[in-house]
Enquirer: 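Shown below is the structure under consideration.
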Amino acid sequence: HCVIIGFGLQDKRPKQLFQYETVTSEPMLTLVNNINPYLVDAPTVLLEKRRTPINQVPEMVYGSKPTDGGYLFLDEESRAKLWVDEPEAALWIRPFLGADEFINGIQRWCLWLVDCPPQTLRKMPQVMKRVQAVKAMRLASTKLPTRALADFPTVFSEIRQTGENYLLVPRVSSEKRLFVPIGFIESEIVASDSASVVPNASLYHFGIMTSSMHNAWMRTVCGRLKSDFRYSASIVYNNFPWPAVATDALKGTLANKLHTAIEQAAQAVLDARALFQQGEQVATLADLYDPTSMPAPLLRAHQ
């Protein structure tokens, strides 16, 4: 990607704003009075980072960060071998989801030794080797905080599992998609820091976040990695103006009807996904949300 920015001492009007339908399309010129930092014809108003949401909705946090050199992770082959060599290790293995695993249906696991008693750990030599490798990796780091974590080699460097089911939101997603794929995840599945999570989110929260309204907001204000959407809590989620029905500001029959309608629409999206996630040929979220291959029932549910 190459970005060319021109600066001038004098203001020039009208300004020229070029837009492209696709990266290979011819530019479409629009004459405007102002081009703001979001590259649209609008006043120069910027969103600032916020630590908490502006509305009364659950907070969004990063997933858990391992800083382990990969030693606490298992693919299908290594997990199967560990089960054979040390069957007792099965109790300490959990499914692991980052943005890539979630969107592309990749299966990964991790050793989750948070509550593992030391006497149990010492009876698993293969697991102990991995823990010792984590310790050595952290001790060899040039970063002081990472070296300090060498005292706790059995666990991730940052643990954010809450014991509640949560909504998983990939931090990076393809700009080609109309909607950022998000979904409900069970509490025992460990989310990585390549995703953000909303613990204890409801069907209503899922409905708003998967709506065209929220995705239009996201496309306008989010950061980018290449051209991919980079969804953040501090800019996108925490600044999002949720409908009044999300809080106690709107009460009564109308609020209840709106809330119910949103929940029903959200469930329809989940039901449409489920149609293609059964049997032997299971569609991934990458399959379902590709603009070319997105099935009609799912698109209609979103609409």
Side-chain angles (χ1 to χ4, degrees), residues 1-5 7 17 34-67 97-100 102-103 143-146 148-149 156-162 164 166-185 190-202 204-249:
H1 284 66
C2 177
V3 179
I4 303 173
I5 303 172
F7 295 92
L17 182 61
N34 186 57
I35 303 175
N36 75 6
Y38 297 108
L39 302 183
V40 295
D41 178 17
T44 300
V45 177
L46 290 173
L47 291 175
E48 296 184 356
K49 290 184 177 180
R50 291 183 55 90
R51 297 177 66 88
T52 57
I54 60 175
N55 292 107
Q56 296 174 6
V57 293
E59 289 194 28
M60 174 182 285
V61 297
Y62 288 150
S64 299
K65 185 176 182 179
T67 317
L97 275 183
D100 191 29
F102 174 68
I103 292 175
K143 299 178 180 178
L144 182 60
T146 303
L149 289 169
F156 283 26
S157 60
E158 297 177 23
I159 297 175
R160 298 192 177 93
Q161 297 296 115
T162 64
E164 301 173 322
Y166 57 89
L167 199 58
L168 186 146
V169 182
R171 290 173 60 192
V172 177
S173 178
S174 171
E175 82 281 2
K176 296 178 181 178
R177 299 187 180 109
L178 297 174
F179 308 93
V180 172
I182 65 176
F184 288 106
I185 306 298
V190 178
S192 88
D193 62 334
S194 67
S196 295
V197 300
V198 184
N200 207 25
S202 70
Y204 170 80
H205 299 120
F206 171 83
I208 295 295
M209 292 181 66
T210 201
S211 68
S212 296
M213 175 178 64
H214 185 75
N215 278 270
W217 168 268
M218 180 276 303
R219 284 191 292 271
T220 301
V221 305
C222 75
R224 301 279 176 151
L225 182 63
K226 302 179 297 178
S227 289
D228 292 342
F229 303 132
R230 193 171 180 87
Y231 193 110
S232 69
S234 59
I235 293 292
V236 181
Y237 184 81
N238 290 345
N239 280 301
F240 179 63
W242 287 71
V245 71
T247 71
D248 292 333

Enquirer: Tell me if a side-chain donor or acceptor on Arg224 pairs with a main-chain N or O of Lys226 at a distance below 3.5 Å.
Expert: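 Flag not set: sc Arg224 to bb Lys226 has no pair under 3.5 Å.
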
Enquirer: Which atom pair, heavy atoms only, marks the closest approach of Ala99 to Ser194?
Expert: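 Closest heavy-atom pair between Ala99 and Ser194: N-OG, 2.9 Å.
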
Enquirer: How close do Ser202 and Phe184 get, heavy atom to heavy atom, and via which atoms?
Expert: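 What the structure gives for the nearest pair is O-CZ, 3.4 Å.
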
Enquirer: So how far is it from Ser192 OG to Lys65 NZ, rounded to the nearest 0.5 Å?
Expert: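 Rounded to the nearest 0.5 Å, the OG-NZ separation comes out at 11.0 Å.
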
Enquirer: From Phe240 CZ over to Met209 CE, what is the distance, rounded to the nearest 0.5 angstrom?
Expert: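 Here the rounded value is 9.0 Å.
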
Enquirer: Output the distance between atom CD (Glu175) and atom CG (Leu225), rounded to the nearest 0.5 Å.
Expert: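 Glu175 CD to Leu225 CG: 10.5 Å, rounded to 0.5 Å.
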
Enquirer: Return yes if some donor-acceptor pair links the side-chain N/O of Ser173 with the main-chain N/O of Phe229 below 3.5 Å, else return no.
Expert: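 Judged by distance alone, no pair lies under 3.5 Å.
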
Enquirer: Any chance you could measure Ile208, atom CD1, to Asn215, atom CG, to the nearest 0.5 Å?
Expert: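 The distance works out to 11.5 Å.
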
Enquirer: For a 4.5 angstrom cut-off between non-hydrogen side-chain atoms, does Phe156 reach Val190?
Expert: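 The answer is yes, as the side chains (C-beta and beyond) meet within the 4.5 Å cut-off.
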
Enquirer: Just by modelled atom types, is the Tyr38 backbone N or O under 3.5 Å from a matching donor or acceptor in the Asn36 side chain?
Expert: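 Yes, Asn36 side chain to Tyr38 backbone: donor-acceptor pair under 3.5 Å.
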
Enquirer: Can you tell me if Gln161 uses its side chain to pair, donor with acceptor, with the backbone of Ala191 under 3.5 Å?
Expert: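 At least one qualifying donor-acceptor pair exists.
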
Enquirer: Sub-3.5 Å donor-acceptor pair from the side chain of Arg177 to the main-chain atoms of Val180, do we have one?
Expert: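 Not confirmed, Arg177 side chain does not pair with Val180 backbone.
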
Enquirer: Check whether any side-chain N or O of Ser196 sits under 3.5 Å from a backbone N or O of Arg171 as a donor-acceptor pair, and report yes or no.
Expert: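 Not confirmed, Ser196 side chain does not pair with Arg171 backbone.
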
Enquirer: At their closest point, which heavy atom of Pro199 faces which heavy atom of Pro58, and how far apart are they?
Expert: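 That would be O-CB, 3.9 Å.
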
Enquirer: Are Thr52 and Asn238 side-chain neighbours, meaning at least one heavy-atom pair lies under 4.5 Å?
Expert: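 Thr52 vs Asn238: side chains apart.
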
Enquirer: Could you pull out all residues at least two apart from Arg160 that satisfy salt bridge (Lys or Arg N to Asp or Glu O under 4.0 Å)?
Expert: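 Applying salt bridge (Lys or Arg N to Asp or Glu O under 4.0 Å) to Arg160 gives Glu158.
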
Enquirer: Please list every donor-acceptor pair under 3.5 Å in which a side-chain atom of residues 39-49 meets a protein atom from a residue at least two apart or in another chain.
Expert:
residue: Thr44; atom: OG1; partner: Asn34; partner atom: ND2; Å: 3.3

Enquirer: So how far is it from Asn55 CG to Asn239 CG, rounded to the nearest 0.5 Å?
Expert: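 Reported value, rounded in 0.5 Å steps: 10.5 Å.
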
Enquirer: Might you point out which heavy atoms bring Pro181 and Pro170 nearest each other, and give the distance in Å?
Expert: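 Nearest pair, atom of Pro181 first, then Pro170: O-CD, 3.0 Å.
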
Enquirer: Where does the angle between the aromatic ring planes of Tyr231 and His214 fall among parallel (under 30°), tilted (30 to 60°) and perpendicular (over 60°)?
Expert: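 Ring orientation, 0 to 90° scale: tilted.
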
Enquirer: Tell me the closest heavy-atom pair linking Phe102 and Gly183, and the distance in Å.
Expert: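 In this case the closest contact between Phe102 and Gly183 is CZ-N, 3.5 Å.
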
Enquirer: Measure the acute angle between the ring planes of Tyr204 and Trp242, then classify it against the limits of 30° and 60° as parallel, tilted or perpendicular.
Expert: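 Tyr204 vs Trp242 ring planes: tilted.
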
Enquirer: Quick check for you: to the nearest 0.5 Å, what is the distance between His205 atom NE2 and Thr210 atom OG1?
Expert: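 These two atoms lie 14.0 Å from each other.
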
Enquirer: Hey, are the side chains of Val236 and Cys222 touching, using non-hydrogen atoms and a 4.5 Å cut-off?
Expert: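 Sidechains of Cys222 and Val236: in contact.
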
Enquirer: Are any of the side-chain heavy atoms of Pro241 and Trp217 separated by less than 4.5 Å?
Expert: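 The answer is yes; the side chains approach within 4.5 Å.
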
